[in-house]
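Sequence lines set the chain letters: A, B, ... in the order given, protein chains first and strands last, and positions in each chain run from 1.
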Amino acid sequence: MLPEMLRHRCFWTCRRQVFSYEVAMPELPEVETVVRTLRPQVLGCRIERVDVLRERSLHPLSLPVERLAGTRISAVRRRGKLALLDLEPPAAAAAVPVPSLLAVHLRMTGRFMVHPEGAAPLKHTRVIFHLQRPDRCRAQLFFDDVRAFGLVFAATPALLERWDFWCSLGPEPLDMGPGELGPRLRGGRAIKAALLDQTVLAGIGNIYADESLFRAGIDPRRPAGELSEAEADRLRRAVQEVLRESIAQCGSSIRDYRDANGNVGAFQNTFFVYGRGGQACRRCGSTLEKSRIAGRATVSCPRCQH
DNA sequence: CCATTAGCCTGGACGC
DNA sequence: TGCGTCCAGGCTAATG
């Protein structure tokens with residue numbers, strides 16, 4: 001039987017962790033925030049053991065997680081919407097390939113949380129990484145994922161080459177210079193569909209696609225290939241501006257909070273269009289239009305976007 | 001070439 | 001109160 005006090009402490013710890021990491025619909029800025037907050041907690045840690053609570057949360061190409069045992073986390077970084085943990089092999093030479101990278105796609109609801117040794121799995125914990133910190137203390141890294149779309153991939157460079165998604169990832173939006181976006185926007189499909197295409201550029205999801213197009217003053221239905229070079233560059237700058245602002249606010253796209261945590265106002269102030277269909281445009285006062293493009297809920301301003 | 005849709009999944013919002 | 005239905009999202013696979 002779990003003592004009441006311990007349960008309470010567990011709950012409190014969880015809430016505190018949730019406060020640090022819960023970001024709705026992780027896109028590039030949210031993954032960047034997760035990576036930045038995770039880094040100081042797991043960098044230099046040795047993975048002692050991995051428990052997979054839901055087999056399907058492992059990528060089909062992933063190496064068996066047993067081979068992660070003994071590796072050391074040497075870097076925590078991001079590529080598009082992927083969180084990446086670089087791994088150093090254990091001292092003893094292995095007879096089988098050892099993963100050098102752990103790639104995690106959070107998809108909709110994936111989340112990392114560090115818990116003390118011995119903490120019980122939560123309702124939606126999918127994978128547990130048992131860690132030994134540089135100071136020899138032990139901890140657990142939980143990969144929680146309510147909707148179970150997220151994926152964990154223990155990979156070697158050779159395996160990554162077989163992962164189409166990885167191989168065809170477009171450039172990092174924040175690294176794109178003038179004139180680099182336009183040539184990637186060929187074709188007659190909607191510009192919003194192109195922005196969501198991870199092979200065009202990596203890391204944009206539904207929120208930042210809509211927000212970027214609003215800031216650039218471009219109608220999301222416009223054929224991508226028909227944007228002028230000037231428009232494409234305005235869009236590139238809008239994308240970068242939105243992403244940078246969001247990262248600066250630690251992924252302020254936080255919602256779903258059990259209120260009263262002080263983040264309720266941030267959501268409304270950050271977004272011009274996302275989730276605001278039917279409401280007044282913050283710039284011109286027109287009623288924002290709801291539509292569906294590329295299968296996604298889309299909001300745009302009929303007056304500000306052409 | 002392009003677009004659309006189902007499927008994967010759960011919880012929250014909604015109507016009755 | 002408890003059903004059923006729909007929706008949200010990223011990505012893949014299949015179909016038009």
Side-chain angles (χ1 to χ4, degrees), chain A residues 14 18 21-32 34 52-62 78-84 103-111 121-127 142-153 160 162-170 173 184-213 220-227 243 246 251 253-259 264 267 271 273-278 288 290-299:
Chain A
C14 298
V18 165
Y21 293 116
E22 180 163 1
V23 275
M25 287 161 274
E27 300 179 33
L28 188 153
E30 289 74 33
V31 179
E32 180 64 31
V34 167
V52 177
L53 284 66
R54 182 182 185 274
E55 206 61 42
R56 293 192 57 184
S57 291
L58 274 190
H59 192 285
L61 289 175
S62 177
R78 178 194 62 73
R79 171 84 172 97
K81 297 177 196 173
L82 291 170
L84 305 175
V104 181
H105 201 314
L106 305 175
R107 290 277 179 97
M108 303 302 306
T109 53
R111 198 193 293 167
L122 304 173
K123 189 177 174 188
H124 302 294
T125 302
R126 309 304 185 186
V127 183
F142 282 16
F143 176 64
D144 296 327
D145 189 11
V146 172
R147 287 179 218 180
F149 283 4
L151 288 171
V152 171
F153 188 171
L160 283 177
R162 291 172 49 198
W163 189 16
D164 289 341
F165 178 80
W166 174 269
C167 294
S168 60
L169 266 181
R184 307 187 70 82
L185 299 179
R186 303 263 167 248
R189 63 175 167 173
I191 179 61
K192 169 156 177 177
L195 281 183
L196 292 172
D197 184 342
Q198 301 298 297
T199 70
V200 170
L201 64 177
I204 307 296
N206 205 32
I207 293 172
Y208 297 105
D210 275 10
E211 292 300 316
S212 302
L213 286 163
R221 294 161 296 193
R222 287 268 303 283
E226 291 180 15
L227 264 62
L243 296 179
S246 183
S253 59
I254 298 166
R255 35 172 227 183
D256 290 312
Y257 271 130
R258 303 223 191 277
D259 40 63
V264 178
F267 178 75
F271 300 112
V273 285
Y274 180 82
R276 298 194 65 241
L288 295 175
K290 264 183 100 162
S291 60
R292 189 159 279 270
I293 299 172
R296 309 289 158 77
T298 302
V299 182

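In this structure, D144(A) atom CG and dC9(B) atom C1' are separated by 15 Å, rounded to whole Å. Per the geometry, CD belonging to E226(A) stands 13 Å off P belonging to dC2(B), to the nearest Å. Remark: P of dG10(C) and NE2 of H59(A) are 18 Å apart, rounded to the nearest angstrom. Rounded to whole Å, atom C1' of dA8(C) lies 13 Å from atom CD of E27(A). Rounded to whole Å, the distance from CZ on F149(A) to C1' on dC9(B) is 4 Å. Rounding to whole angstrom units, CD of residue E30(A) and P of dA8(C) are separated by 18 Å. The distance from atom NZ of K192(A) to atom C1' of dT4(B) is 16 Å, rounded to the nearest whole Å. Atom CD1 in I191(A) sits roughly 15 Å away from atom C1' in dC2(B) (whole-Å rounding).
Backbone-only engagement by G205(A) is indicated by non-hydrogen atom pairs under 4.0 Å involving sugar-phosphate atoms exclusively. Counting any heavy atom pair closer than 4.0 Å across all strands shown, A190(A) reaches sugar-phosphate atoms only and no base atom.
Residue K81(A) has its side chain nearest to dG10(C) when only dG10(C), dT10(B), dC8(B) are considered. For H124(A), whose side chain is taken as the heavy atoms from C-beta onward, the closest listed nucleotide among dC11(C), dC2(B), dG11(B) is dG11(B). Between dG11(B), dG10(C), dA3(B), one nucleotide has an atom nearer to the side chain of V146(A) than all others, and that is dG11(B).
Residues L213(A) and I191(A) meet the side-chain proximity criterion, which asks for heavy atoms closer than 4.5 Å.
Every salt bridge (Lys or Arg N to Asp or Glu O under 4.0 Å) that R189(A) has, sequence neighbours left out, goes to D197(A). Evaluation of the side chain to side chain donor-acceptor pair (under 3.5 Å) rule for W166(A) yields no partner, not counting sequence neighbours. Legend: residues meeting side chain to side chain donor-acceptor pair (under 3.5 Å) with H124(A), ordered by chain and number and at least two apart, are absent. For R78(A), the salt bridge (Lys or Arg N to Asp or Glu O under 4.0 Å) test picks out E32(A), E172(A), with sequence neighbours left out. For A294(A), the side-chain contact (heavy atoms from CB on, under 4.5 Å) partners two or more places apart in sequence, or in a different chain, are A193(A). For the salt bridge (Lys or Arg N to Asp or Glu O under 4.0 Å) test, residues two or more places apart in sequence or in another chain that qualify with R221(A) are D219(A). Partners of T298(A) by side-chain contact (heavy atoms from CB on, under 4.5 Å), not counting sequence neighbours, listed by chain and number: K192(A), D210(A), P220(A), S291(A), I293(A).
OP1 or OP2 of dG10(C) has not a single side-chain nitrogen or oxygen of R147(A) nearer than 4.0 Å. For Y208(A), no side-chain nitrogen or oxygen approaches OP1 or OP2 of dG9(C) to under 4.0 Å. Proximity of Q198(A) to the phosphate of dG10(C): no side-chain N or O atom is located under 4.0 Å from OP1 or OP2. Phosphate contact (OP1/OP2 of dC9(B), side-chain N/O of R56(A), threshold under 4.0 Å): present. Contact annotation: R292(A) side-chain N/O to dA3(B) OP1/OP2 distance is not under 4.0 Å.
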L196(A) vs R296(A), side-chain contact (heavy atoms from CB on, under 4.5 Å): CA-CA, chis, key distance, verdict: CA-CA 10 Å; L196(A) 292 172; R296(A) 309 289 158 77; 3.6 Å; yes
For nucleotides 12-16 of chain C, which of its nitrogen or oxygen atoms have a protein nitrogen or oxygen under 3.5 Å away, and what is each distance?
none

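For A294(A) and D145(A), each mapped to the nucleotide of DNA chain B holding its nearest heavy atom, the one lying further toward the 5' end belongs to A294(A). Between G295(A) and R186(A), the residue anchored closer to the 5' end of DNA chain B is R186(A), taking for each the nucleotide with the nearest heavy atom.
Aromatic rings of H105(A) and F165(A) (six-membered ring for Trp) have centroids within the 6.0 Å cut-off, being under it.
An end-to-end axis angle of 60° holds for the helix from dC2(B)-dG16(C) to dC16(B)-dG2(C), taken from five base pairs per end and rounded to 10°.
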